[in-house]
Amino acid sequence: MKKFLWLYWIGLLAIAMASLSIVNIWSISQNNEKAIHNTFQKIYQHITQKFLRFDEILYENEQQISLHFQKVLPQIYAELKQLPHSLSDIPPEVLRSIADRYQVNEIYIIDPSTRITTSSFLPDIGFELGTISQEFREYLEAIFLKDKVIIDRINVSSKSGVINKYAYFGPQDKEFIIEASIEIKDYLTQTKSKKYSEFIFDQFFTDIGEVELLPVDISIIFVNKLNTFPFIGKYKEITPHQLKELENYSTLIFEENDKLTKIQKIVLTESRLNGAEYLLLKVQADQTVLSEQRNKMIFNSIGITLFFAMIAAIIFQRYINLNIVKPIRTIDNFLKKMSKGNYENKITTSGIKELQEISQHINQTKDIIKQREQALAESQGLLEKRVEQRTKELEENKRKLEESHQLIALGSWELNIETAKEVYDATALNIFHINVEKNNTTEIIKNKIHPDDRAKFSNFMDKALASQSVTDSFKILNSKNSEPTYVQLHAKLPLDEKTQQKIIRGTCQDITIKTIHDLEILHKANHDPLTDLYNRNAISQKITQLINSARRGDSAFSVLWLDLDFFKPINDSLGHEAGDKILKDVANRLRVCVRENDSVARVGGDEFVILLTQVNSSEVLETIANKIITRIAKPFTFQDTPVQLGISIGGAIYQQHGTTMEILFSNADSALYEAKRKGRNQFQLANQQL
């Protein structure tokens with residue numbers, strides 16, 4: 001059955017070609033103008049495909065240019081620094097000499113305003129590159145002082161229309177950019193051959209006018225904000241009126257001098273040649289000879305088609321089998337092995353170029369997967385070692401801490417209630433930082449208690465006088481340094497059997513280290529490690545306290561939910577170090593916008609919550625929110641780079657917008673997103689609809 005399959009292909013192809021010819025003849029007889037437009041579209045598609053392939057060829061040669069830039073740009077800057085001129089005053093002829101030595105076409109010196117202060121290419125001197133587009137200005141501003149060679153894509157020169165590759169170097173010690181360019185055609189002529197360059201830039205496009213047998217005149221034109229430049233064909237001027245029309249429409253069709261003219265934008269979404277603002281295809285067709293040429297072409301094509309159809313059908317099946325079916329089976333078998341973890345062999349296929357390229361991509365992917373699995377295994381082993389080492393360190397620290405606790409000495413003291421005399425042993429004297437010649441003093445211990453704890457100490461002594469065994473800790477005054485000292489006191493009033501006197505006897509122990517450690521743990525548990533603001537846990541506790549107090553009628557309060565606008569792009573472009581620094585600055589600005597008894601918390605990456613006590617007025621809440629928006633709008637700085645942020649705020653008032661933490665937070669959060677929806681950088685109060 002298979003050996004007769006080629007007869008099936010012959011019949012099917014013959015029927016298809018005959019049907020196509022009939023349809024073409026009918027279509028031409030119906031509407032010559034429609035045929036012209038179809039021709040225009042085919043030319044457009046053909047040119048687009050040519051440019052995309054042209055782009056691929058350029059990319060294959062582009063890597064070598066990038067390596068050359070990486071090598072010579074720092075060398076060029078090193079030589080420029082030795083000149084007896086400032087960077088902005090180097091003569092163009094000096095730059096031309098340096099450019100020739102380092103095998104680049106042009107050298108440009110760009111100042112912080114993106115203006116070319118001097119260049120080996122005289123027409124560009126004084127041109128401000130930032131006027132090309134805002135995106136390009138931001139691209140250049142990000143290069144200053146980075147001390148890196150930044151390789152740009154292949155672009156069309158905004159001044160000359162020449163296809164160049166550009167590279168930039170922003171020295172760390174100079175606020176200038178050293179830019180160099182290499183003209184692609186010249187480079188290919190030097191590194192490949194003149195014939196290769198002529199083929200790529202000339203012969204490669206010679207068959208554009210042969211897409212259809214029509215007397216067409218074709219031009220390809222680069223267009224940017226500065227000028228228009230010819231690329232292919234005779235340069236046909238585009239009038240300002242036509243350019244204005246093309247801002248709103250992608251295609252213009254009009255008749256002039258018995259010719260139908262079509263101007264159409266070329267959209268190259270995958271091409272690297274979009275350095276020009278866009279490309280234009282201008283095609284003119286002579287309508288008077290269209291029918292005659294088309295008829296001849298159709299009759300000729302029918303005969304040629306039938307002849308080649310018979311030949312093509314015979315070899316079609318074998319071609320498909322050898323060049324498509326067999327390679328696909330090979331790829332399928334190889335992928336099955338990869339899915340089982342076999343990465344040792346490489347796939348090799350013959351057949352059409354696309355399948356060969358797919359095989360190459362599969363081999364590259366296989367190597368990447370293999371390397372990442374090896375790196376993952378190594379990282380896992382290293383992590384296990386670090387965990388084990390850290391565990392041992394923690395166990396050793398715990399042992400040392402337990403030993404130190406065992407070595408802590410207890411001091412003893414006593415107070416005669418009737419004589420008010422106090423007696424301390426040497427350890428107690430050291431703990432209380434008492435320096436007296438005679439160990440016979442009065443009210444020393446009371447005076448050593450920090451004022452913040454004296455009320456608690458009075459209560460402690462009252463319990464001791466009531467013959468209770470009492471233990472408590474106190475902060476004491478330290479005359480040796482300004483660091484706080486914490487002491488744990490134990491006291492009891494046993495009756496002295498010999499003298500029948502009331503004497504309070506007790507012990508004291510320095511618990512400063514433990515207390516500070518406990519305070520640090522408590523602080524870390526309730527504060528954000530980056531900004532030192534309250535965290536979500538602490539702010540939840542505070543709002544719970546405020547709700548309980550408000551239910552007793554003791555207070556009123558409101559909630560602000562805040563989210564920074566445009567923070568993520570800044571974090572992505574400047575790095576996490578910049579992001580962390582800006583978040584700290586935001587936290588400091590929020591603190592000064594509220595009162596001491598209000599609470600500020602960071603509850604997410606760039607989200608904050610503020611609790612405002614004794615505030616239950618929407619007017620007051622809006623005033624505070626606008627104060628915050630104004631302060632955050634002032635520029636931040638990171639490494640002398642100004643950074644602009646905004647902030648969106650949602651607000652909710654206790655009882656009016658909820659009586660539980662969850663409802664208040666939810667309504668404030670919903671109001672926040674309503675503020676973002678309305679344009680960001682504004683305040684929105686929660687309402688019943690939200």
Trainee: Exactly one of Asp565, Asp572, Asn571 should register a side chain to side chain donor-acceptor pair (under 3.5 Å) with Lys568. Which one does?
Mentor: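 It is Asp572; the other options fail the test.
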Trainee: Side chains of His523 and Asp532: any donor to acceptor distance under 3.5 Å?
Mentor: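 Looking only at side-chain atoms, His523 and Asp532 do form a donor-acceptor pair, the distance falling under 3.5 Å.
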Trainee: Is the shortest distance from a Lys or Arg side-chain nitrogen in Lys676 or Asp563 to a carboxylate oxygen in the other one below 4.0 Å?
Mentor: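 A salt bridge is present here (some side-chain N lies under 4.0 Å from a carboxylate O).
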Trainee: State whether the side chain of Thr641 and the backbone N or O of Thr637 hold a donor-acceptor pair below 3.5 Å, judged by distance alone.
Mentor: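 No.
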Trainee: Hey, what do you get for CG (Leu664) to CG (Asp669), rounding to the nearest 0.5 Å?
Mentor: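 Taking CG in Leu664 and CG in Asp669, the distance rounds to 12.5 Å.
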Trainee: When the aromatic ring centroids of Phe474 and His450 are compared, is their separation below 6.0 Å?
Mentor: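 No, the ring centres sit 6.0 Å or more apart.
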Trainee: With distance as the sole test, does Thr659 use its side chain to make a donor-acceptor pair with the main-chain N or O of Gln655 at under 3.5 Å?
Mentor: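 Looks like no, no N/O pair under 3.5 Å.
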Trainee: Run the salt-bridge test on Glu607 and Arg602 with the 4.0 Å N-O cut-off and return the result as yes or no.
Mentor: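 Here Glu607 does not pair with Arg602 in a salt bridge, since their nearest N and O are not under 4.0 Å apart.
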Trainee: Excluding sequence neighbours, so at least two apart, what forms side-chain contact (heavy atoms from CB on, under 4.5 Å) with Gln541?
Mentor: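 Result, side-chain contact (heavy atoms from CB on, under 4.5 Å) vs Gln541: Asn526, Asn537.
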Trainee: Carefully, step by step, assess Lys456 and Asp472 under the rule side chain to side chain contact (heavy atoms under 4.5 Å, CB included).
Mentor: CA-CA 9 Å; Lys456 183 170 69 170; Asp472 208 341; 3.6 Å; yes
Trainee: Just verifying a value: how many Å separate Leu564 CG and Phe566 CZ, rounded to the nearest 0.5 Å?
Mentor: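 Spacing of CG (Leu564) from CZ (Phe566) equals 11.0 Å.
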Trainee: Within the side chain of Asn681, is there an N or O that forms a donor-acceptor pair under 3.5 Å with the backbone of Ile647?
Mentor: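 Side chain of Asn681 to backbone of Ile647: a pair is present.
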Trainee: Is it the case that over 12 heavy atoms from other parts of the model lie below 6.0 angstrom from the NZ atom of Lys524?
Mentor: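 Counting neighbours around NZ of Lys524, 12 or fewer heavy atoms of other residues, nucleotides or ligands fall under 6.0 Å, so no.
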Trainee: Side chains of Gln70 and Ile151: does their closest heavy-atom pair fall under 4.5 Å?
Mentor: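 Counting from C-beta outward, Gln70 and Ile151 do come under 4.5 Å.
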Trainee: Considering all heavy atoms of both residues, which atom of Arg589 and which atom of Arg631 are nearest to each other, and what is their separation?
Mentor: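 Heavy atoms only, the tightest pair is NH1-O, 2.8 Å.
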Trainee: In Å, rounded to the nearest 0.5 Å, how long is the span from CD1 of Ile539 to CZ of Phe665?
Mentor: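 The CD1 atom of Ile539 sits 6.5 Å away from the CZ atom of Phe665.
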Trainee: Are Pro635 and Val643 side-chain neighbours, meaning at least one heavy-atom pair lies under 4.5 Å?
Mentor: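 They are not in contact (no side-chain heavy atoms under 4.5 Å apart), so the answer is no.
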Trainee: Arg677 side chain to Leu672 main-chain N or O, any donor-acceptor pair under 3.5 Å?
Mentor: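 No; judged by distance alone, with no hydrogens or angles, the pair does not exist.
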Trainee: Tell me if the CG atom of Asp452 is crowded by more than 12 foreign heavy atoms within 6.0 Å.
Mentor: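 Counting neighbours around CG of Asp452, more than 12 heavy atoms of other residues, nucleotides or ligands fall under 6.0 Å, so yes.
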Trainee: The test is side chain to side chain contact (heavy atoms under 4.5 Å, CB included); show your working for Val603 and Trp561 and say whether it passes.
Mentor: CA-CA 10 Å; Val603 296; Trp561 198 285; 3.9 Å; yes
Trainee: Between Lys581 and Asp585, does any NZ, NE, NH1 or NH2 come within less than 4.0 Å of an OD or OE carboxylate oxygen?
Mentor: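 Counted as a salt bridge, because a side-chain N and a carboxylate O are separated by less than 4.0 Å.
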Trainee: Atom OG of Ser618 and atom CG of Leu685: how far apart are they, to the nearest 0.5 Å?
Mentor: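 The CG atom of Leu685 is 6.0 Å from OG of Ser618, to the nearest 0.5 Å.
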Trainee: Given side chains that start at C-beta, do those of Ile177 and Phe144 come closer than 4.5 Å, heavy atoms only?
Mentor: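 They are in side-chain contact.
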Trainee: Give a yes or no answer on whether the side chain of Asp111 reaches the backbone of Thr114 with a donor-acceptor pair at less than 3.5 Å.
Mentor: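 Side chain of Asp111 to backbone of Thr114, a donor-acceptor pair under 3.5 Å: yes, one is there.
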Trainee: For the side chain of Lys146 and the backbone of Phe169, is there at least one donor-acceptor N/O pair under 3.5 Å apart?
Mentor: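 No; judged by distance alone, with no hydrogens or angles, the pair does not exist.
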Trainee: Using modelled atom types and a 3.5 Å cut-off, is there a donor and acceptor pairing between side-chain atoms of Lys165 and backbone atoms of Asp152?
Mentor: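 Side chain of Lys165 to backbone of Asp152: a pair is present.
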Trainee: Under the salt bridge (charged side-chain N to carboxylate O under 4.0 Å, His left out) rule, what pairs show up with a residue in residues 130-139, not counting sequence neighbours?
Mentor: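 Checked against salt bridge (charged side-chain N to carboxylate O under 4.0 Å, His left out) - neighbours excluded - the pairs reaching residues 130-139 are Glu128-Arg137.
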Trainee: For residues Arg591 and Leu533, determine if any side-chain heavy atom of one lies less than 4.5 Å from a side-chain heavy atom of the other.
Mentor: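 A side-chain contact exists here, since the closest heavy-atom pair is under 4.5 Å.
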Trainee: Using side chain to side chain contact (heavy atoms under 4.5 Å, CB included), reason through Leu562 and Val609 one step at a time and then give a plain yes or no.
Mentor: CA-CA 6 Å; Leu562 310 91; Val609 168; 5.7 Å; no
Trainee: Does the side chain of Gln509 reach to within under 4.5 Å of the side chain of Leu489, using non-hydrogen atoms?
Mentor: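 Not touching, per the 4.5 Å side-chain cut-off.
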Trainee: Hey, does the side chain of Thr660 reach the backbone of Ile663 with a donor-acceptor pair shorter than 3.5 angstrom?
Mentor: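 It does hold such a pair.
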Trainee: Check whether any side-chain heavy atom of Ile511 sits under 4.5 Å from a side-chain heavy atom of Val487, and report yes or no.
Mentor: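 Heavy-atom side-chain distance check fails, nothing below 4.5 Å.
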Trainee: What are the two closest heavy atoms between Leu560 and Gly651, and how far apart are they?
Mentor: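 Where Leu560 meets Gly651 most closely, the heavy atoms are CD2-CA, 4.0 Å.
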Trainee: Side chains of Ile629 and Phe683: does their closest heavy-atom pair fall under 4.5 Å?
Mentor: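 In contact.
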Trainee: Between Gln684 and Lys678, is there a side-chain donor-acceptor contact under 3.5 Å, judged purely by atom types and distance?
Mentor: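 Note: Lys678 and Gln684 side chains meet the donor-acceptor criterion.
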Trainee: Can you name the closest pair of heavy atoms from Ile649 and Ala625 and give their distance?
Mentor: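 Looking at all heavy atoms of both residues, the shortest contact is CD1-O, 3.6 Å.
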Trainee: Taking all non-hydrogen atoms of both residues into account, name the closest pair between Lys627 and Val592 and its distance.
Mentor: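 Looking at all heavy atoms of both residues, the shortest contact is NZ-O, 4.0 Å.
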Trainee: Using only heavy-atom distances, determine whether the side chains of Glu619 and Ser617 contain a donor-acceptor pair under 3.5 Å.
Mentor: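 The answer is yes; a qualifying pair exists.
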Trainee: Are side-chain N/O atoms of Ser119 and Asp124 paired as donor and acceptor at under 3.5 Å?
Mentor: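 Ser119 vs Asp124: no donor-acceptor pair found between side chains.
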Trainee: If you draw a 6.0 Å radius around CD in Gln644, do more than 12 non-hydrogen atoms from other residues or ligands fall strictly inside?
Mentor: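 It does: Gln644 CD has more than 12 such atoms within range.
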Trainee: Tell me, do Leu611 and Asp598 make a side-chain contact under 4.5 Å, heavy atoms counted?
Mentor: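 Leu611 does not reach Asp598 side chain to side chain.
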Trainee: Within the side chain of Asp453, is there an N or O that forms a donor-acceptor pair under 3.5 Å with the backbone of Lys475?
Mentor: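 Checking the backbone N and O of Lys475 against the side chain of Asp453, a donor-acceptor pair under 3.5 Å is found.
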Trainee: Check the surroundings of atom OH in Tyr168: do more than 12 heavy atoms from other residues, nucleotides or ligands lie under 6.0 Å from it?
Mentor: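 Atom OH in Tyr168 is crowded, with more than 12 foreign heavy atoms closer than 6.0 Å.
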Trainee: Could you tell me whether the side chains of Thr531 and Asp528 share a donor-acceptor contact shorter than 3.5 Å?
Mentor: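 Checked: Thr531/Asp528 side chains pair up, N/O donor to acceptor below 3.5 Å.
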Trainee: Sequence neighbours left out, what pairs pass salt bridge (charged side-chain N to carboxylate O under 4.0 Å, His left out) with at least one residue falling in residues 167-179?
Mentor: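 Checked against salt bridge (charged side-chain N to carboxylate O under 4.0 Å, His left out) - neighbours excluded - the pairs reaching residues 167-179 are Lys81-Asp173.
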Trainee: Quick check against the 3.5 Å criterion: does Thr630 have a side-chain atom that pairs as donor or acceptor with the backbone of Asn626?
Mentor: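 Yes.
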